[in-house]
Chemist: 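The structure is given below, and queries will be raised subsequently.
Please read these numbers as outputs of a predicted model, since none were measured by experiment. Both ligands and their constituent atoms are indexed starting at 1 by order of listing.
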Amino acid sequence: MPDTFKAILVSRDEDKKQSVAVKDLTEADLMEGDVTVAVEATTVNYKDGLAITGKAPVIRRWPLVPGIDFAGTVTASDHPDWRRGDKVILNGWGVGETHYGAYAARARVKGDWLVPLPEGISAHDAMAVGTAGYTAMLCVMALERHGIAPDRGPVVVTGAAGGVGSVAVAILSKLGYHVVASTGREAEKAYLADLGAAEVIARDELTGPVKPLAKERWAGGVDAVGSTTLANVLSMTAYGGAVAACGLAGGMDLPSSVAPFILRGVSLLGIDSVMAPKEVRLEAWRRIATDLDVAKLKALSTTIGFDGILDAARAIVDGKIRGRVVVDME
Ligand code: NDP
């Protein structure tokens with residue numbers, strides 16, 4: 001008898017009604033790929049919440065094992081870059097959307113999708129960062145490429161108490177920026193100050209009617225919220241500044257005007273983590289290893305087991321998760 005392992009499987013019936021169940025799978029049930037990995041840690045990202053609850057069409061292949069990121073150890077490989085025993089990280093590439101994902105003890109993927117676990121970082125810590133944190137680093141790198149630096153002025157982070165936001169606050173403050181953290185959760189003020197936020201502002205300050213141009217408040221920003229929040233952030237960005245947009249927790253629309261772009265030379269930098277090229281991923285993970293304090297990582301993450309994934313997935317789409325959720329699979 002082949003070894004079985006537990007997996008979360010999302011299915012859909014003939015009426016396209018989605019259901020979620022824990023099933024026993026074997027390696028023969030996994031999808032095609034040239035590397036098999038023993039998943040040691042994974043996480044619950046906002047996108048995983050959308051996939052499991054069915055709130056947005058993240059899953060595009062049925063049935064599917066969700067889970068967009070994992071860290072673990074290679075158990076078998078036909079790929080020239082990877083050998084049994086190698087420690088690896090996977091983020092995105094459609095895993096947990098069109099390819100069986102992280103919520104199983106084993107994953108089979110393309111070796112080209114993997115990056116090595118950086119020296120000195122455990123699988124658990126890599127997943128405390130996870131796709132949300134790696135995306136936060138992509139946002140920081142985009143701002144830097146645009147010339148944003150601590151001496152240019154404050155930077156704003158929206159959805160600050162969430163996963164992307166918490167990691168962005170921790171990285172930007174370590175790099176010396178004056179970080180303005182925007183949150184809808186008054187109770188998380190002390191948490192955000194501990195991560196390094198110099199100021200914490202209420203989410204409401206960025207959800208009112210959008211003026212074409214408002215008082216200049218920051219040189220740049222990391223936005224995980226979208227919609228009116230991003231439009232207000234843009235209108236409040238100083239001359240020549242830039243905002244990295246990566247999320248839609250507040251909505252997918254953008255009720256903005258061209259005024260910030262054509263009158264203040266503000267730039268909107270689009271960030272996608274899923275299909276980011278390998279060199280960019282390697283650079284992001286190298287920077288994470290140097291520019292993010294492990295102590296802060298511990299402060300911003302909570303750990304659950306496999307059995308807690310479904311509850312955490314529901315909680316994250318309700319905006320109830322603080323920071324990052326790590327799933328230890330063992
Ligand atoms: P979280 O749920 O952890 O964080 C989102 C935060 O946004 C919440 O904690 C909350 O912060 C704020 N928020 C939630 N709902 C609203 C609302 N209606 N209006 C205003 N603010 C709101 O999610 P993640 O950090 O995992 O992901 C954040 C976003 O980034 C998601 O949209 C996700 O899909 C996207 N993302 C995109 C990636 C990419 O490649 N572009 C990769 C990873 C994530 P607070 O309570 O502090 O206000």
Side-chain angles (χ1 to χ4, degrees), residues 42-53 55-58 67-69 91-97 127-142 156-171 179-193 195 197 200-208 222-233 243-255 268-277 280-281 284 300-302 312-326:
T42 174
T43 81
V44 179
N45 293 280
Y46 189 80
K47 198 183 226 176
D48 299 315
L50 293 176
I52 284 177
T53 58
K55 227 180 140 184
V58 170
I68 64 167
D69 51 11
N91 298 105
W93 292 117
V95 170
E97 299 182 54
M127 287 300 105
V129 177
T131 296
Y134 143 70
T135 303
M137 182 49 93
L138 293 179
C139 291
V140 172
M141 286 160 52
V156 66
V157 176
T158 64
V164 171
S166 294
V167 179
V169 169
I171 294 171
V179 180
V180 180
S182 160
T183 183
R185 289 181 268 179
E186 168 85 23
E188 302 303 354
K189 260 186 161 177
Y191 162 76
L192 290 165
L195 287 184
V200 179
I201 63 170
R203 186 195 282 181
D204 297 351
E205 287 192 32
L206 302 175
T207 52
V222 171
D223 177 64
V225 175
S227 193
T228 310
T229 300
L230 175 56
N232 273 308
V233 164
V243 178
C246 70
L248 46 58
M252 203 159 187
D253 59 331
L254 180 54
L268 180 57
L269 312 174
I271 304 300
D272 167 61
S273 67
V274 179
M275 303 306 284
V280 175
R281 291 164 187 264
L300 66 79
S301 56
T302 45
R314 292 180 197 113
I316 200 164
V317 290
D318 290 339
K320 289 188 182 146
I321 296 281
R322 179 173 97 176
R324 300 275 305 130
V325 177
V326 186

Chemist: Look up atom CD1 in Ile316 and atom CG in Asp48, then write down how far apart they are to the nearest 0.5 Å.
Modeler: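 Here the interatomic distance stands at 7.5 Å.
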
Chemist: Please name the pair of heavy atoms, one in Ser166 and one in Gly323, separated by the smallest distance, quoted to 0.1 Å.
Modeler: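 For Ser166 and Gly323, the tightest heavy-atom pair comes out as OG-CA, 3.5 Å.
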
Chemist: Where's the contact between Ser273 and ligand 1, heavy-atom distance under 4.0 Å: side chain, backbone, both or neither?
Modeler: both

Chemist: What is the nearest protein non-hydrogen atom to atom 23 (O) of ligand 1, stated with its residue, atom name and distance?
Modeler: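 Ranked first by proximity to atom 23 (O) of ligand 1 is Tyr46 CB, 3.2 Å.
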
Chemist: Can you spot which of Val179, Val164, Leu300, Val200 makes a side chain to side chain contact (heavy atoms under 4.5 Å, CB included) with Val169?
Modeler: Val179

Chemist: Report the member of Ala202, Gly184, Ser182, Ala181 with the shortest heavy-atom distance to atom 48 (O) of ligand 1.
Modeler: Gly184

Chemist: Considering only heavy atoms from C-beta outward, does the side chain of Thr135 approach that of Asn91 to under 4.5 Å?
Modeler: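 They are not in contact (no side-chain heavy atoms under 4.5 Å apart), so the answer is no.
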
Chemist: Heavy atom to atom 29 (C) of ligand 1, shortest distance: which of Ala224, Gly133, Gly250 holds it?
Modeler: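 Considering heavy atoms of Ala224, Gly133, Gly250, the nearest to atom 29 (C) of ligand 1 sits in Ala224.
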
Chemist: For ligand 1, note which part of Leu248 has a heavy atom under 4.0 Å away: side chain, backbone, both or neither.
Modeler: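 Near ligand 1, Leu248 shows its backbone as well as its side chain.
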
Chemist: Go through ligand 1 atom by atom and flag the ones less than 4.0 Å from a non-hydrogen atom of Gly163.
Modeler: 1 (P), 3 (O), 4 (O), 25 (O)

Chemist: Any idea which protein heavy atom is nearest atom 42 (C) of ligand 1, and the distance to it?
Modeler: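 Going by distance alone, atom 42 (C) of ligand 1 is nearest to Thr135 OG1, 3.0 Å.
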
Chemist: How far is atom 25 (O) of ligand 1 from the closest protein heavy atom, and which atom is that?
Modeler: Val164 N, 2.7 Å

Chemist: Please report which non-hydrogen protein atom sits nearest to atom 46 (O) of ligand 1, along with the residue it belongs to and the distance in Å to one decimal place.
Modeler: Arg185 NE, 2.7 Å

Chemist: State which residues pass side chain to side chain contact (heavy atoms under 4.5 Å, CB included) with Leu248; sequence neighbours excluded, sorted by chain then number.
Modeler: Tyr46, Met252

Chemist: I need the minimum non-hydrogen distance between Asn232 and Gly208, along with the two atoms involved.
Modeler: ND2-O, 3.0 Å

Chemist: Can you measure from NZ (Lys320) to CZ (Arg314) and round to the nearest 0.5 angstrom?
Modeler: 12.0 Å

Chemist: For Ala202, check side chain to side chain contact (heavy atoms under 4.5 Å, CB included) against everything at least two apart and list the hits.
Modeler: none

Chemist: Is any side-chain heavy atom of Met137 less than 4.5 Å from a side-chain heavy atom of Val167?
Modeler: no

Chemist: Going by atom types alone, do Arg203 and Thr229 pair a side-chain donor with an acceptor below 3.5 Å?
Modeler: no

Chemist: As an exercise, state the distance from NZ of Lys47 to CD1 of Ile52, rounded to the nearest 0.5 Å.
Modeler: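 One gets 13.5 Å once the value is rounded to the nearest 0.5 Å.
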
Chemist: Just to confirm my output: which protein heavy-atom neighbour is closest to atom 45 (P) of ligand 1, and how far is it?
Modeler: Thr183 OG1, 3.3 Å

Chemist: Among Cys246, Ala168, Ala187, Gly226, which one puts a heavy atom closest to atom 36 (N) of ligand 1?
Modeler: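 Heavy atom nearest to atom 36 (N) of ligand 1 belongs to Cys246.
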
Chemist: Any idea which protein heavy atom is nearest atom 4 (O) of ligand 1, and the distance to it?
Modeler: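 Nearest protein contact, heavy atoms only, for atom 4 (O) of ligand 1 is Gly162 CA, 3.3 Å.
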
Chemist: Against heavy atoms of Ala161, which atoms of ligand 1 measure under 4.0 Å?
Modeler: 47 (O)

Chemist: Mind checking whether Thr131 and Thr43 have side chains closer than 4.5 Å, heavy atoms only?
Modeler: no

Chemist: Examine ligand 1 and decide if any of its atoms is less than 4.0 Å from a heavy atom belonging to Gly159.
Modeler: yes

Chemist: Heavy atoms only, cut-off 4.0 Å: how does Val225 contact ligand 1, side chain, backbone, both, or neither?
Modeler: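 Near ligand 1, Val225 shows its side chain, while the N, CA, C and O stay back.
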
Chemist: Using heavy-atom distances, let me know which of Gly130, Gly247, Gly251, Ala249 sits nearest atom 5 (C) of ligand 1.
Modeler: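 Comparing heavy atoms across Gly130, Gly247, Gly251, Ala249, the nearest one to atom 5 (C) of ligand 1 lies in Ala249.
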
Chemist: Taking both backbone and side-chain atoms of Gly165, is any N or O found less than 3.5 Å from an N or O belonging to ligand 1?
Modeler: no

Chemist: Could you tell me whether Ile271 approaches ligand 1 through its side chain, its backbone, both or neither, with non-hydrogen atoms closer than 4.0 Å?
Modeler: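 It is the backbone that touches ligand 1; the side chain stays farther off.
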
Chemist: Less than 3.5 Å between some nitrogen or oxygen of Arg203 and one of ligand 1, yes or no?
Modeler: yes

